[in-house]
Structures are given as C-alpha cells and as structure tokens.
Protein chains: 2
Amino acid sequence: MQNQQVLTKNQKIVLDIIEKSSQPLKAYSILFDVKKRGINAPLQVYRALDKLVEIGKIHKIESRNSFIACKNSKCQITKATVFSICENCEDVKEIHDHKLSEHLKHYKDNKGMKYSKYNLEFFGLCKRCIKN
Amino acid sequence: MQNQQVLTKNQKIVLDIIEKSSQPLKAYSILFDVKKRGINAPLQVYRALDKLVEIGKIHKIESRNSFIACKNSKCQITKATVFSICENCEDVKEIHDHKLSEHLKHYKDNKGMKYSKYNLEFFGLCKRCIKN
DNA sequence: TAATTTTTGTTATAATATAACACTATGTAA
DNA sequence: TTACATAGTGTTATATTATAACAAAAATTA
Ligand SMILES: [Zn+2]
Ligand SMILES: [Zn+2]
Ligand SMILES: [Zn+2]
Ligand SMILES: [Zn+2]
C-alpha cells in the first residue's frame, strides 16, 4: 500500500508544486512557492520531500540537488531511476527503457554485493541545444 | 595531454589526501586534513577538487557529496563512471565492467539527445554487511 | 620584455540540509 | 472509552556544502 498512501497536508502541497513543474525544482525554490500556503520553514519542505522520495512520488536528481515528479508507477516499486540531463539548458527527463532497466536490475558485480537500488544519470546536449 | 597534466601545489596536496584514503572524502574533511599543509580556506579545496574531477584524477560521488580517487586510467577519458555503495557501512567502490560500460556508452534514447557522460550509482549491502 | 592566462589567498556569503524539542494528529489495542 | 504507539507539525537554531568577488602572484605565450 506504500504507493497508494494518503498524503498529509504538507506532502500534498509540496507534491502539487513539483507535479506542476515540467522541470526539477530545488528545495528552497519550493519553499518560496509554498510560503503562501502556510509552509514557513525549510524543514517542513525537506520532510515532505523525504517522504515523497521514499514512496516514489518524486525522485531526487542527485547531481543537481533537485526534485522531479515521477510519472511512471513502476518506479515507485523499483527505486531504479534513469535520467537524461542537458548540460546546456538543464532540461531533465526520466528515461523509462525496459531493456536498460532489466540490464541494470540484474547487474551483479564480483564482490558479492546485493543491490536494491540504482540511479543513473546521462549528461549531454538535448536536440534543441545541439542545433544552437 | 589532459590526463598527464602537471598539477599545481594545492592540487597535488588535495589529490594526495584523496589517494591515500580507501574511501571517499568530503570537502571539509579534506580541508581539515590539509590545514597543516598550508591550505586554509574551503575555496582552495573546492578549486583543486574541480580541477581534479575535470581531468579525471578523482570522481565525485554525487549521492554522498564526496570524492574518491580513480584508479583506472580509462575513466580519465570517458567520464563514464559506475559506483557501488553500501548503504550500511558506506563503503564505496568504483566498478569497471567493460560490458556494462559499453552498453551505457552506446545507449541512445528516442529523444535525439547526444550523451557525452554518465554516472551510475548502485546501492545495496556489501558482503560484510549482509552477514551482520 | 609585455601581455595573457591561470592559480592563489582571502573575506564574505549563498545554498543545501539537519538537530532538537515541544506539540498535535492519527491509528491500534485493550 | 482510554491508553499507548506512531507519524507528522511548527519552530528555532545550526550544520554542511559550495560559490562570489577581488586583488595579488605565478606561469605561459608571444
Ligand atoms: Zn520514476
Ligand atoms: Zn538543452
Ligand atoms: Zn574512475
Ligand atoms: Zn557494508
């Protein structure tokens, strides 16, 4: 039931802001946006973010310290994420590639480690930025 | 010649500390360690770190905001990195897996993006931590 | 030499994230 | 219902990570 969880007021407010954005948002930019809705302190935002990441509603883009909504219900179970990031315009998209996911999910190293999660970030130039 | 570059004094000091550590180090912990060697300010450390990352001598572990020395000369060209991170003891190892690297290097999405770089972080439990 | 670029040292500050504590709401079990 | 446990809230303060701005020194180049 983890991914059908009832969200609290603050969690809903923060998720709402992130879902309405096409691009990843930073914690303090979210804080700025939600001040008119009664959230006043960083910690209130970070707590909501932590929970939303935990239940898979959003993902953290580690290299950018920012947060993006997940549109794929499968992520909420797998905690396996792949992103494409344009280094020029900072456009970020989540990649859902079944073959790639399977490959990574089943990856085994020779050190006897047991993996439960992965995060892959591709960097480059998006179509639009290549042209310019 | 990028990866045979002559390092400056500060860059050498910082690289030396990181290479002597088996585990990733954080910028301010590096700063603490190098104070006896004449480096006094965060910026001096961050500047050295930036350069060392740029030339591939070290990598940043994005999810941990820490830095680890690279032992594989190939990384210095490819900017393609894979890490395994134990979520219990925080042990980090760089993974060099030719097949995986090739797979990722040649990955193409359907959005027309041109990738020049990637970073993959696997999370789980290391052999030792599984037993305990 | 002079001009240019890179690195340095320094102070200050920005941006990102968590600790600690008292309190409130919600769920679960006598 | 009461008691207890769990999770979330609001708040203040603080820790951690990272960069801006500027003047001076060193290294590179022409
Ligand atoms: Zn997702
Ligand atoms: Zn772009
Ligand atoms: Zn490497
Ligand atoms: Zn471990």
Side-chain angles (χ1 to χ4, degrees), chain A residues 1-18 21 23-68 87 90 92 119 121, chain B residues 1-18 21 23-55 57-68 85 87 90 92 119 121:
Chain A
M1 303 293 150
Q2 185 83 313
N3 54 349
Q4 297 174 8
Q5 188 156 356
V6 176
L7 300 178
T8 66
K9 177 177 141 276
N10 287 0
Q11 289 161 8
K12 271 182 210 154
I13 293 172
V14 169
L15 178 58
D16 185 50
I17 296 279
I18 298 176
S21 167
Q23 289 306 303
L25 297 177
K26 304 202 147 221
Y28 277 73
S29 123
I30 294 168
L31 176 58
F32 180 86
D33 287 345
V34 299
K35 282 207 161 151
K36 62 195 76 147
R37 294 222 243 162
I39 293 180
N40 303 300
L43 201 43
Q44 296 175 290
V45 171
Y46 278 105
R47 286 198 280 228
L49 289 172
D50 284 351
K51 190 65 181 182
L52 293 169
V53 167
E54 188 192 325
I55 64 177
K57 290 285 189 187
I58 64 174
H59 303 300
K60 182 173 186 181
I61 311 296
E62 292 289 354
S63 66
R64 299 297 188 262
N65 299 315
S66 61
F67 300 85
I68 193 169
E87 291 190 291
E90 292 295 321
V92 174
N119 178 55
E121 299 181 1
Chain B
M1 305 292 152
Q2 184 83 313
N3 54 349
Q4 297 174 8
Q5 188 155 355
V6 175
L7 300 177
T8 66
K9 179 178 140 272
N10 288 359
Q11 289 160 9
K12 272 183 210 154
I13 293 172
V14 169
L15 178 59
D16 186 51
I17 296 279
I18 298 176
S21 167
Q23 288 306 305
L25 298 177
K26 305 204 147 218
Y28 277 74
S29 123
I30 294 168
L31 176 57
F32 180 85
D33 287 345
V34 298
K35 280 205 163 155
K36 62 195 75 149
R37 295 223 242 162
I39 293 180
N40 303 300
L43 199 44
Q44 294 175 290
V45 172
Y46 278 104
R47 286 198 280 226
L49 290 172
D50 285 350
K51 190 65 180 185
L52 293 168
V53 166
E54 188 192 323
I55 65 177
K57 290 284 188 187
I58 65 174
H59 303 300
K60 182 173 187 181
I61 313 296
E62 293 289 354
S63 66
R64 299 297 186 262
N65 299 315
S66 61
F67 300 85
I68 193 169
I85 302 170
E87 293 190 292
E90 292 294 323
V92 174
N119 178 54
E121 299 181 1

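In what follows, chains carry the letters A, B, and so on, assigned in the order in which the sequence lines appear, proteins first and then strands, with residues in each chain numbered from 1.
What separates CG of A:Leu49 from P of D:dT9 is a distance of 12 Å, to the nearest Å. Per the geometry, CG belonging to B:Leu25 stands 12 Å off P belonging to D:dT17, to the nearest Å. For the pair B:Arg47 CZ and D:dT19 P, the computed distance is 12 Å after rounding to whole Å. In this entry the distance linking CD of B:Gln44 with C1' of D:dT19 reads 14 Å, nearest Å.
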Margin query: Applying side-chain contact (heavy atoms from CB on, under 4.5 Å) to B:Val14 and B:Ile39, what does each step give before you reach the verdict?
Written below: CA-CA 9 Å; B:Val14 169; B:Ile39 293 180; 4.3 Å; yes

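In plain terms, the two heavy atoms of A:Phe67 and A:Ile18 that are nearest each other are O-CG2, 3.9 Å. Across all their heavy atoms, A:Glu62 and B:Ser63 have their closest contact at OE1-CA, 3.5 Å.
Between B:Tyr46 and D:dT19 there is no side-chain N or O to OP1 or OP2 distance below 4.0 Å. Between A:Thr8 and the phosphate of D:dA7, there is no side-chain N or O to OP1/OP2 separation shorter than 4.0 Å. Between D:dT17 and A:Asn65, no contact under 4.0 Å exists linking OP1 or OP2 to a side-chain N or O.
For the side chain to side chain contact (heavy atoms under 4.5 Å, CB included) criterion with B:Val34, the lone passing option out of B:Val45, B:Asn40, B:Asn10 is B:Val45. For the side chain to side chain contact (heavy atoms under 4.5 Å, CB included) criterion with A:Ile55, the lone passing option out of A:Asp50, A:Leu15, A:Leu7 is A:Leu7.
Residues A:Lys9 and A:Lys12 have side chains not in contact (no heavy-atom distance under 4.5 Å, counting atoms from C-beta outward). The side-chain heavy atoms of A:Lys60 and A:Ile68, taken from C-beta on, include no pair separated by under 4.5 Å.
Rounded to the nearest 0.5 Å, atoms CG (B:Leu49) and CG (B:Leu31) are 10.0 Å apart.
Residues of residues 26-40 of chain B that place a heavy atom closer than 4.0 Å to DNA chain D, in numerical order, are B:Lys26, B:Tyr28.
By the side chain to side chain contact (heavy atoms under 4.5 Å, CB included) test, A:Arg64 is found to be paired with A:Ile61, A:Ser66, A:Ile85, A:Glu87, A:Glu90, A:Phe123, residues two or more places apart in sequence or in another chain being considered. Under the side chain to side chain contact (heavy atoms under 4.5 Å, CB included) criterion, B:Leu43 pairs with B:Arg47, not counting sequence neighbours.
Listed by first and then second residue, the salt bridge (Lys or Arg N to Asp or Glu O under 4.0 Å) pairs that reach into residues 24-45 of chain B are B:Asp16-B:Arg37, sequence neighbours excluded.
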Next item on the list: Go along nucleotides 24-30 of chain D 5' to 3' and tag each nucleotide: B for a protein heavy atom under 4.0 Å from its base, S when only backbone or sugar atoms are that close, - otherwise.
Entry: -------

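Along DNA chain C, the stretch of nucleotides lying under 4.0 Å from any heavy atom of chain B spans, 5' to 3', C:dT7 to C:dT11.
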